[in-house]
Amino acid sequence: MYENKRLGFLFVLPFVLGVLLFKLFPFVMSLALSFTEYDVMDPPVFVGMQNYRELAFEDPLFRKSLGVTLAFAMLAVPLRVGFALFVAHVLNFRMRGINFFRSAFYLPSILGGSIATAVLWRFLFARNGLVNGVLGTLGIEPVAWLADEHYSMWTIVLLFMWQFGSAMVIFLAALQNVPQALYEAAEIDGASRWQQFWRITVPLITPVIFFNVIMQMVHAFQEFNAPYMITEGGPLHSTYVLALYIYDQSFRFFNFGYGSALSWVLFAIVAGLAGLAFWSSRFWVFYAGEKEVRK
Amino acid sequence: VSATPAQHVPAAENPAAAWPRYVVLAAVSILMLYPLVWLVGATFKSNAEIFTQIGFWPQHFDFGAYARGWKTSTEYTFATYFLNSFLITIRASW
């Protein structure tokens, strides 16, 4: 027994070492660096709460990018999750060609947050790109998607929404677990399709809605590739998300201390929002068979 | 009674009721796929054509982009970059 245990520890050792060395160590280091001034060339200088004070009171660009990040998350997450649920609901029927549609909807998500998709998006939304070309044939004036600060955010949000596949797949699995008998009973009682969706489908899949919202929220707050590649944070910093600002401070201006402080603020915001979501979940998320435990 | 009891998936009642579903699905799949199809077409196009035509089929096929992409604008070929990505993938997934 004891011998087996030692062998087991030996087997998990590479993983544990990896996590400690490559995950926990940088994590702790960045927290430590956030209280210093560090430009890589010289050793870090301890400055206490200076970085945090600066970003809280003296940095308009931090406030701007925080606002952009929150706006992006508030637009992109409901749009992606809502669209994923809508498409999953439409797809959740046995019909001819269903596998084609499922693959088609998942394809953009397989490409992930890759540079290639960002470059594609840049072409599509260029001044004389495909989107304006299609709008032109409909008689709509070309829109400066990337150069106009009122539209630049939407091009990024649209890309995020376009890659709704992973949320959709999870929704599909959840929808297939809703007992068919409930719909049959509701139909006999005269419930419309609309009522069935809101009174049966949605309540029964709230745990999955909750999961998707949390996951997509975390993704949205970390969004980097799209604003970096497509709009470069512009125009007028209208797509300058926090991840970009952290990158610029750290790797362009070599203010690693300040960059670390920014990262920890972002982390605190995401953790806080996730905590808020978990707290709120007791009021709207329904776990079958867990009613007594949760009281 | 469903033939596959494990899956609670309703069948579309009848063809007449299914068609709105197909319209929605077809419209969404065009939005999903056309940019990708267009991108494949664009790899054969000249820059001028990319930014003037909305069709995906090139007017004349130009394979030059593939040749330039293989050579890259650096002293290394595409193979070097691919190998780097490949090695990172191998190492990152053990």
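Just so it is clear: chains get the letters A, B, ... in the order the sequence lines come, proteins before strands, and each one is counted from 1. Note that the coordinates shown come from a computational prediction; the quantities given were computed from them, not determined experimentally.
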Exceeds 12 heavy-atom contacts within 6.0 angstrom, atom [atom1] of [X]:
X      : atom1 : value
A:F197 : CZ    : yes
A:F25  : CZ    : no
B:F86  : CZ    : no
A:Y106 : OH    : yes
B:Y81  : OH    : yes
A:Y183 : OH    : yes

**Study point:** Spacing of OH belonging to B:Y34 relative to CG belonging to A:L124, to within rounding of 0.5 Å
**Key:**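 B:Y34 OH to A:L124 CG: 10.0 Å, rounded to 0.5 Å.
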Subject >> Heavy-atom contact with chain B under 4.5 Å, split by part of A:R127 >> reply: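 Nothing of A:R127, per the 4.5 Å heavy-atom cut-off to chain B.
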_If I measure from the heavy atoms of chain B, does A:F105 come under 4.5 Å with its side chain, its backbone, both, or neither?_
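Interface part for A:F105: both.
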Next on the checklist: I want to check something: taking the side chain as every heavy atom from C-beta on, are B:L36 and A:L120 in contact at a cut-off of under 4.5 Å?
Outcome noted: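 They are in contact (side-chain heavy atoms under 4.5 Å apart), so the answer is yes.
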Part of B:L25 lying under 4.5 Å from any heavy atom of chain A
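Both backbone and side chain of B:L25 come within 4.5 Å of chain A.
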Quick check on B:V28 against chain A: is it the side chain, the backbone, both or neither that has a heavy atom closer than 4.5 Å?
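Contact with chain A: backbone and side chain both.
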Kindly give the heavy-atom pair with the smallest separation between A:H89 and B:R21, and that separation in Å.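 For A:H89 versus B:R21, the nearest heavy atoms are O-NH1, 3.6 Å.
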I'd like to know whether A:F101 forms a side chain to side chain contact (heavy atoms under 4.5 Å, CB included) with B:M32, so could you lay out the CA-CA distance, the side-chain angles of the two residues, the decisive distance to 0.1 Å, and finally the verdict.
CA-CA 10 Å; A:F101 289 120; B:M32 289 294 119; over 6 Å; no
